[in-house]
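Only this structure's heavy atoms are used, side chains among them; waters, hydrogens and symmetry mates stay out. Counting starts at 1 for both ligands and their atoms, in listed order. Throughout, residue positions are numbered sequentially from 1 according to the sequence presented.
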Amino acid sequence: MQSEIARIKEIFVSTQGEGPYVGYRQLFIRFCACNLSCRYCDTDYSYKNENRVYSPQELLDFITKEFDPAHIHSVSLTGGEPLLHAGFLKIFLPMLNTKYYLETNATLPDKLYEILDFINIVSADIKLPSATGLNNTFEKHDEFFRTVRTNPKINLFAKMVFDENITEEEITAATNLAKKYDFELILQPKMLNNEISPSINFADELFSKCLKRYKKVRLIPQVHKFLDIR
Ligand code: SF4
């Protein structure tokens, strides 16, 4: 069935700038639209007239013509929220022989379930209301991580964007989730105009606090902002 289509903002090769895969060369497919609206969002995922609508076959043709998969580590499915396009992905993902790296806000477990067998790496978010300005989504995250763990082949980690407003309850909830589902928790300081917005001292103290609760915690800022690449 080839009736699914997806609105795609951009397709490009660049270097992963976040989390434990920082520095790997990836082909990024940025999907339009998101189900959240985080206060700190720095991504233009809106659909504009110049963006294209692709069928799975059209996307495959475009990628195989324009890019050489031999020179990339994996294909990053990003957005926006790529899981809003799960119907499209279910058809497209098995068409290309590559590793898939899913960047997701981790709030759509049912959609993830549809494509779980094709994903190799899940880069999930843990959204903190103190940073996003949104309601708490910890229950959705819990359901999401439970779904990921039904596929033991997936390498899962989660990034947590924070600023100086982070609360004790959020620290406890995030480290408990990481412990429960046994994944690396990446503390990612919020960036403001390409500068880290919480102070370095604050970030370091938070790092120590989290490490006391859970060992697999790392502090990794957005490296692509320093390199000035997308
Ligand atoms: S989930 Fe990601 S893409 Fe969506 S609004 Fe939040 S930061 Fe932006």
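Ring-plane geometry between F145 and F183 is classed as tilted, the angle between the planes lying from 30 to 60 degrees on a 0 to 90 degree scale. Under the 30°/60° scheme for interplanar angles, the aromatic rings of Y24 and Y21 are found to be tilted. Note on ring orientation: taking the six-membered ring where Trp is involved, the planes of F157 and Y101 are tilted (angle from 30° to 60°). Below 30°, between 30° and 60°, or above 60°: for F62 and F67 the angle between ring planes is above 60°, a perpendicular geometry.
Which parts of ligand 1 touch L36 is read off a 4.0 Å heavy-atom cut-off, strictly below it: atoms 5 (S). Shown in contact with G80 at under 4.0 Å from a heavy atom are these atoms of ligand 1, numbered in order with element: 3 (S). For ligand 1, the atoms lying closer than 4.0 Å to a non-hydrogen atom of N105 are 1 (S). Against a heavy-atom cut-off of under 4.0 Å, C34 is close to the following atoms of ligand 1: 1 (S), 3 (S), 4 (Fe), 5 (S). The distance from ligand 1 to the heavy atoms of Y45 drops below 4.0 Å at these ligand atoms: 3 (S), 5 (S), 8 (Fe).
The protein heavy-atom contact nearest to atom 8 (Fe) of ligand 1 is C41 SG, 2.3 Å. For atom 2 (Fe) of ligand 1, the closest non-hydrogen atom on the protein side is K127 NZ, 4.0 Å.
Backbone or side-chain N, O or S atoms of C38 do not reach atom 4 (Fe) of ligand 1 at under 2.8 Å.
Ligand 1 does not have T43 within reach: every non-hydrogen atom of the residue lies 4.0 Å or more from it.
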key: Check against salt bridge (charged side-chain N to carboxylate O under 4.0 Å, His left out), D182 and R149   = CA-CA 9 Å; D182 187 26; R149 284 305 187 216; 5.2 Å; no

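Residue contacts with ligand 1 for E81 are absent, since no atom lies close enough (heavy atoms, distance under 4.0 Å).
The closest side-chain donor-acceptor pair between R25 and T15 falls under 3.5 angstrom.
With E184 as reference, R218 is the one residue of K216, K215, R218 to meet the salt bridge (charged side-chain N to carboxylate O under 4.0 Å, His left out) rule.
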